[in-house]
Amino acid sequence: MLVLLFRILILLAIILLVYTWIEYLRSSDRKIRIAKELKQFYLVDEPKNSKKNLRFVYKGCTFVGEKYVGIAEDSFEVTNLHISVCQPIELKGITREDLYFLESELLIRYPYAKIEWKHPISDLVLTPLE
């Protein structure tokens, strides 16, 4: 009986380890960290949840965006995105064309949104993307 109990406990421990490993691989924080190290674009967002902020990485710089819901045509949609940078020192090497690329990627996901860049990014963006 005691041997059977130990086998069940070992099986439960293995299941717990596998579950923890899978959750680690699916973690958005880990994916953001990897994209930041590789200087790639990666976006973490829940489009159906307007209360949850979006985070994205581009060229090693981490951005945070706040979503605001408003009326667009005949439905409620995300109409404003306020984007700020986590560490302004990471902006080194980001060009105006990079910001326009980021705007186009965000507008693909939120076509009714007006994107507002916070300081110091707002100094670099001269005209809104049309």
Side-chain angles (χ1 to χ4, degrees):
M1 182 69 181
L2 191 59
V3 173
L4 181 64
L5 183 62
F6 281 133
R7 286 182 183 172
I8 291 173
L9 287 176
I10 289 174
L11 181 64
L12 288 175
I14 290 172
I15 290 172
L16 181 65
L17 285 174
V18 168
Y19 173 76
T20 305
W21 182 67
I22 290 172
E23 286 299 311
Y24 170 74
L25 290 178
R26 295 179 58 211
S27 169
S28 62
D29 291 334
R30 184 186 74 84
K31 291 178 182 179
I32 287 253
R33 190 180 69 243
I34 290 171
K36 187 173 184 174
E37 290 171 2
L38 297 175
K39 299 191 182 292
Q40 296 176 339
F41 176 73
Y42 184 75
L43 176 77
V44 176
D45 185 24
E46 291 181 25
K48 301 292 183 196
N49 188 354
S50 63
K51 296 178 183 176
K52 185 116 176 170
N53 291 348
L54 57 96
R55 293 184 305 154
F56 56 96
V57 172
Y58 184 67
K59 288 191 175 179
C61 186
T62 307
F63 297 89
V64 176
E66 298 177 13
K67 300 184 271 189
Y68 295 96
V69 175
I71 299 173
E73 293 179 7
D74 60 347
S75 65
F76 288 100
E77 299 287 339
V78 174
T79 57
N80 287 322
L81 290 172
H82 294 214
I83 309 295
S84 61
V85 64
C86 293
Q87 297 290 328
I89 193 72
E90 294 176 347
L91 286 171
K92 184 177 179 182
I94 301 286
T95 63
R96 185 174 292 131
E97 288 77 26
D98 294 330
L99 295 177
Y100 291 149
F101 166 76
L102 292 174
E103 282 185 1
S104 65
E105 287 293 322
L106 292 172
L107 288 173
I108 289 171
R109 291 160 178 84
Y110 299 103
Y112 300 106
K114 177 183 173 237
I115 299 172
E116 181 181 326
W117 296 96
K118 299 293 183 180
H119 181 75
I121 306 168
S122 60
D123 298 337
L124 186 59
V125 177
L126 295 177
T127 58
L129 184 64
E130 307 249 347

Transitive ILVMFWY side-chain link [X] to [Y], under 4.5 Å:
| X | Y | value |
| --- | --- | --- |
| L12 | L4 | yes |
| I32 | L102 | no |
| F63 | Y42 | no |

Check whether any side-chain heavy atom of [X] lies under 4.5 Å from a side-chain heavy atom of [Y], and answer yes or no.
| X | Y | answer |
| --- | --- | --- |
| L54 | L106 | yes |
| Y112 | I71 | no |
| F56 | I83 | yes |
| L25 | R30 | yes |
| P120 | V85 | yes |

Closest heavy-atom contact between W117 and S122?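 So the minimum-distance heavy-atom pair works out to O-CB, 3.2 Å.
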Which atom of A113 lies closest to which atom of L107, heavy atoms considered: O-CD2, 3.4 Å
Criterion salt bridge (charged side-chain N to carboxylate O under 4.0 Å, His left out) on D98 and K59, from CA distance to verdict: CA-CA 9 Å; D98 294 330; K59 288 191 175 179; 2.9 Å; yes
Checking side chain to side chain donor-acceptor pair (under 3.5 Å) against K67, which of N53, N80, D45 comes through? D45
Gap separating the [atom1] atom of [X] from the [atom2] atom of [Y], nearest 0.5 angstrom:
| X | Y | atom1 | atom2 | answer |
| --- | --- | --- | --- | --- |
| Y68 | K114 | OH | NZ | 12.5 Å |
| F6 | L11 | CZ | CG | 15.0 Å |
| I94 | F101 | CD1 | CZ | 11.0 Å |
| F41 | C61 | CZ | SG | 12.5 Å |
| Y24 | D29 | OH | CG | 10.5 Å |
| L99 | I121 | CG | CD1 | 6.5 Å |

Out of E105, K31, R109, which residue meets the side chain to side chain contact (heavy atoms under 4.5 Å, CB included) rule with L43? R109
Check this for me: L16, atom CG, are more than 12 non-hydrogen atoms of other residues, nucleotides or ligands nearer than 6.0 Å? yes
